[in-house]
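The model shown is predicted, which means the values in this text are computed figures rather than measured ones.
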Number of protein chains: 2
Amino acid sequence: MKEFSIEKPIPYYEQFYHSIKKMIFDGTYKPGERIVETQLAKQFGVSKSPVREAIRLLEKEGLVVVDDKSRVMVYEPTLKDVEDIYYCRMALESFAVSLTVALASDKELNEIKTALEEAERAIQRGAEASEIIALNAKFHRFIVQFTKNKRLQKQVDDLKSLTQFYRILHFQDQNRASIILREHQQIFGHIRSRNKEKASQEMITHLEHDLAHITQVLQQMT
Amino acid sequence: MKEFSIEKPIPYYEQFYHSIKKMIFDGTYKPGERIVETQLAKQFGVSKSPVREAIRLLEKEGLVVVDDKSRVMVYEPTLKDVEDIYYCRMALESFAVSLTVALASDKELNEIKTALEEAERAIQRGAEASEIIALNAKFHRFIVQFTKNKRLQKQVDDLKSLTQFYRILHFQDQNRASIILREHQQIFGHIRSRNKEKASQEMITHLEHDLAHITQVLQQMT
DNA sequence: GATGATTTGTGCGTATGTATG
DNA sequence: GCATACATACGCACAAATCAT
């Protein structure tokens, strides 16, 4: 009997992978900004090897890009990239929702419902944007999760992370949260009545709106 | 005017990434087999750093997995994994084909047609399995390519590579090539008549058959 | 089993070459 | 042309796991 499990040390390169990713998400490193492995290594007080390996992971994930002179920069999607990513999400998440309609138990449907209700209350009491975003993400995540397809989950997660930085832009518009909630509720309605076609079509429509909104906001910025 | 462009040296880690990937695909390293970075470094006559970085790329791609003791092994998908991967492909490639129906020029449709005709001739003259496989891959690739969505292409390519090793299993069955060709022709028929729904449904059916066949062959092996 | 030898992965410091100003 | 900054790659040291005796 081992009462206490031995804590295995997590390799630096893995820790850095998460740290750098977090820094990209929270805006410490902004899209297009350069990442210098020498500086990171110094900053964390370690050698460059683990930093380089972490960067290779991020490179393959697409969150950083390496130019022809081996300089590393944070991924800055073009408008076309954002569109491409959203079209992939439409393909995967509309498929996911139709699978979930077929497979999800009543208990699981209730979890989705609860998330929607939480989101509704959060909006009503004027909660922080980050909290509402998290609850919205929960809705999407549940739907994919209930397909029981791990690969699908990974694909969707990776795609989302590529536009993660722009998430917050949604909420410059105050009504946006309510609109999103209403669309989520509509999708859920079709899931609960076990209507594959409508649920999956509604998911596509929802993502189209999301894309249109992001596109609009991005164009205003430039 | 620079008549001769300077060839920039490709970093070792990138070269190794491709080399190792090739070795996985051609069976030099088999699924589940261990990959030892020390040996690879010695074999190629370099230090371990670039080998490690190449492995990080492959790790993120999913072609190798790292266990809890940091040992690296070639990815060996379970039956459930193969199913999950194929369901993702159904989502992405059925979406792709409906986009291609909408977007592809007549010239592009002709390229698909040519690939199918080449495949037909290759089968008739009893060509090598590898050649027929390549032509089949061309068919699928064209369809995704003509969506002009680079991200979609990448997603599909990455998914395919995860079951790449099992490709060859198809052709233990002699009729298999003809069946695949017929299904491809059917899909193409719907593309040419610009019928989104049928084309995309036929693509799903085709991939379902492919999955069923691989599943069957894999079960016979064990 | 216990113990020493070997293999292997982790991480560091340094040298070298290349681009930048 | 020179100095600086940076990425690439190497060899070494250390630790953990594995194997042999």
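- Scanning for side chain to side chain contact (heavy atoms under 4.5 Å, CB included) contacts around Glu59(A) gives Arg56(A), Val64(A), Val66(A), Tyr13(B), Leu57(B), with sequence neighbours left out.
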| said: I'd like to compare against my own output: the B/S/- annotation of nucleotides 1-16 of chain D with a strict under-4.0 Å heavy-atom distance to protein. | reply: -----SSBSB------

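- Listed by chain and residue number, nothing satisfies the salt bridge (Lys or Arg N to Asp or Glu O under 4.0 Å) test with Lys150(B) (two or more places apart in sequence, or in another chain).
- Taking the salt bridge (Lys or Arg N to Asp or Glu O under 4.0 Å) definition, one finds that Lys48(A) meets it with nothing, sequence neighbours left out.
- Residues meeting the ring-ring contact (aromatic ring centres under 6.0 Å, His included) test with Phe25(B), sequence neighbours left out: none.
- When the side chain to side chain donor-acceptor pair (under 3.5 Å) test is applied to Asn149(B), no partner is found at least two apart in sequence or on another chain.
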